2 protein chains.
Amino acid sequence: MTYATAIEAQLTALADPTRRAILDRLRDGPLPVCDLAAGLPVSRPAVSQHLRVLSDAGLLLVTPLGNRRLYAIAPGGVQELRAYLDRLWDDALAAFASAARQAAQQQMPRE
Amino acid sequence: MTYATAIEAQLTALADPTRRAILDRLRDGPLPVCDLAAGLPVSRPAVSQHLRVLSDAGLLLVTPLGNRRLYAIAPGGVQELRAYLDRLWDDALAAFASAARQAAQQQMPRE
DNA sequence: GCTTACGGTAAGTCATGACTTACGCAACTG
DNA sequence: CAGTTGCGTAAGTCATGACTTACCGTAAGC
């Protein structure tokens with residue numbers, strides 16, 4: 001329901017295969033719910049619920065258009081997630097390099 | 001259990017707050033399970049299970065060291081995930097630009 | 001006005017997964 | 001060779017979330 005961070009909401013949203021399928025179908029542009037559900041193996045209400053989760057995570061934009069609602073991937077939605085992964089990546093590399101340096105020193109204490 | 005793609009396994013692994021806490025504690029370098037569990041609000045077996053999930057997702061490296069097992073963030077583990085997000089990001093931007101262009105054309109068909 | 005498409009919400013079912021305690025096994029330590 | 005430490009696994013409980021059908025608004029078309 002409510003998540004501690006935006007990162008958590010986005011990761012949880014992306015972890016579901018149906019929701020990733022929805023995003024995949026939106027890669028080419030906005031779609032209404034009926035078109036979205038037509039290409040998915042689940043019912044339309046299920047798609048609505050997934051769209052809710054994706055919207056709450058900031059990954060989708062909704063634009064009401066007459067009778068329908070167009071859903072589109074939010075540009076910038078995954079920015080925070082990318083930044084999180086980049087930091088994790090950097091720290092992991094630094095820690096790995098540090099551990100390797102330390103291991104090398106223990107193997108040959110002096111040059 | 002078994003996931004369709006490595007992306008799915010990594011996203012599922014990262015979606016859990018306890019597992020992200022484990023990764024956070026490994027940012028500075030490798031740790032054995034007992035040290036890892038000492039700073040977390042869950043039992044040690046729970047930590048072991050989370051470590052299994054993270055390892056299966058390719059996010060951790062294990063190096064047996066005598067009696068203990070050192071866990072470390074796998075350098076390169078999040079590479080696929082970063083690539084996935086980058087593609088999603090690029091496609092979303094392209095679709096957004098395309099939609100904006102189309103909307104502008106409909107608003108003012110000729111210059 | 002009435003009817004039909006579109007889509008969100010309610011309520012209920014069922015599977016999954018996060019956690020616990022209890023146990024088993026390997027490796028240091030006296 | 002005991003006893004202890006470190007850690008994985010088994011078994012069971014409980015909450016969550018993904019899905020279904022049924023229902024209710026709202027906008028378009030006759």
Side-chain angles (χ1 to χ4, degrees), chain A residues 1-5 7-26 29-73, chain B residues 1-26 29-72:
Chain A
M1 301 295 184
T2 175
Y3 292 107
T5 65
I7 302 283
E8 168 139 18
Q10 296 180 353
L11 283 169
T12 306
L14 289 172
D16 183 84
T18 304
R19 285 195 284 266
R20 282 200 310 283
I22 288 178
L23 286 177
D24 278 345
R25 302 208 71 227
L26 291 177
L31 285 178
V33 180
C34 55
D35 290 14
L36 224 33
L40 293 171
V42 298
S43 68
R44 190 195 46 73
V47 174
S48 270
Q49 290 167 6
H50 285 305
L51 290 171
R52 179 77 144 83
V53 174
L54 288 166
S55 296
D56 286 351
L59 295 175
L60 290 187
L61 287 181
V62 201
T63 60
L65 184 69
N67 202 12
R68 307 184 296 184
R69 306 184 59 160
L70 287 184
Y71 282 90
I73 301 181
Chain B
M1 303 296 182
T2 173
Y3 291 108
T5 64
I7 302 283
E8 168 140 19
Q10 296 180 355
L11 282 169
T12 306
L14 289 172
D16 184 84
T18 304
R19 285 196 284 268
R20 283 200 310 282
I22 288 177
L23 286 178
D24 278 345
R25 301 209 71 226
L26 291 177
L31 285 178
V33 180
C34 53
D35 289 14
L36 223 34
L40 294 171
V42 297
S43 68
R44 190 195 45 73
V47 174
S48 271
Q49 291 166 5
H50 285 306
L51 290 172
R52 181 77 143 83
V53 174
L54 289 166
S55 295
D56 286 351
L59 295 174
L60 290 187
L61 287 180
V62 200
T63 59
L65 184 68
N67 202 11
R68 308 182 294 181
R69 306 183 58 157
L70 286 183
Y71 283 89

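Atom set for the values below is all heavy atoms of this structure, side chains included, hydrogens, waters and symmetry mates excluded. A, B, ... follow the sequence lines: proteins, then strands. Residue 1 opens every chain. Everything numeric in this text was worked out from a predicted model, so none of it was measured.
- We find that CG of B:Leu70 is positioned 15 Å from C1' of C:dA27, with the value rounded to whole Å.
- Separating the OG1 atom in A:Thr18 from the NE2 atom in A:His50 is a distance of 4.5 Å, to the nearest 0.5 Å.
- Nearest heavy-atom pair, A:Ala13 versus A:Val53, reported as atom, atom and distance to 0.1 Å: CB-CG1, 4.0 Å.
- The line from CD of B:Gln10 to OG1 of B:Thr5 is 8.5 Å long, rounded to the nearest 0.5 Å.
- Regarding B:Leu51, its CG atom lies at a distance of 14 Å from the C1' atom of C:dA18, rounded to whole Å.
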List every contact pair, protein side and nucleotides 25-30 of chain D side both N or O, where the distance is under 3.5 Å.
none

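- Across all non-hydrogen atoms, the minimal contact from B:Arg25 to B:Asp35 is NH1-O, 2.8 Å.
- Separating the CZ atom of B:Arg52 from the P atom of C:dG17 is a distance of 13 Å, rounded to the nearest angstrom.
- Taking atom CG of B:Leu11 as the reference point, atom P of D:dG17 lies 16 Å away to the nearest angstrom.
- Straight-line distance from the CZ atom of A:Arg69 to the P atom of C:dG8: 5 Å, rounded to whole Å.
- Side-chain N/O atoms of B:Tyr71 include one lying less than 4.0 angstrom from OP1 or OP2 on D:dG8.
- Taking the C1' atoms of five terminal pairs at each end of the helix from C:dG1-D:dC30 to C:dG30-D:dC1, the two resulting helix axes are inclined by 10°, rounded to 10°.
- Looking at A:Arg68, its side chain never comes within 3.5 Å of a backbone N or O of A:Leu31 through a donor-acceptor pair.
- Computed from coordinates, the B:Asp56 CG to C:dG17 C1' distance equals 14 Å when rounded to whole Å.
- To the nearest 0.5 angstrom, A:Leu70 atom CG is 12.0 Å from A:Leu60 atom CG.
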When you compare the protein's N or O atoms with those of nucleotides 20-22 of chain C, which come within less than 3.5 Å of each other, and at what distance?
| from | atom 1 | to | atom 2 | distance (Å) |
| --- | --- | --- | --- | --- |
| C:dT20 | OP2 | B:Ser43 | N | 2.7 |
| C:dT20 | OP2 | B:Ser43 | OG | 2.6 |
| C:dT20 | O4 | B:Gln49 | NE2 | 3.2 |

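- Minimum heavy-atom separation, A:Tyr3 to A:Thr12: OH-CG2, 3.2 Å.
- Between B:Thr18 and the phosphate of C:dA18, there is no side-chain N or O to OP1/OP2 separation shorter than 4.0 Å.
- In this structure, the separation between CG on B:Leu26 and CG on B:Leu59 is 11.0 Å, given to the nearest 0.5 Å.
- Salt-bridge check for B:Arg20 with B:Asp24: failed, with every basic side-chain N at 4.0 Å or more from each acidic carboxylate O.
- Comparing C:dT9, D:dG8, D:dA18 against the side chain of A:Ser48 picks out C:dT9 as the nearest.
- Distances shown here put a side-chain N or O of B:Tyr3 below 4.0 Å from the OP1 or OP2 atom of C:dG17.
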Check against side-chain contact (heavy atoms from CB on, under 4.5 Å), A:Leu51 and A:Val62: CA-CA 10 Å; A:Leu51 290 171; A:Val62 201; over 6 Å; no
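- Protein atom NE2 of A:His50 is 15 Å distant from nucleotide atom C1' of C:dT9, rounded to whole Å.
- Atom-to-atom distance recorded for B:Leu14:CG and A:Glu8:CD is 11.0 Å, nearest 0.5 angstrom.
- Nucleotide C:dG17 holds its P atom 15 Å from the CG atom of B:Leu14, rounded to whole Å.
- Side-chain atoms of B:Cys34 lie closest to D:dC7 of the nucleotides D:dG8, D:dC7, C:dG8.
- Minimum heavy-atom separation, A:Leu40 to A:Ala21: CD2-CB, 3.7 Å.
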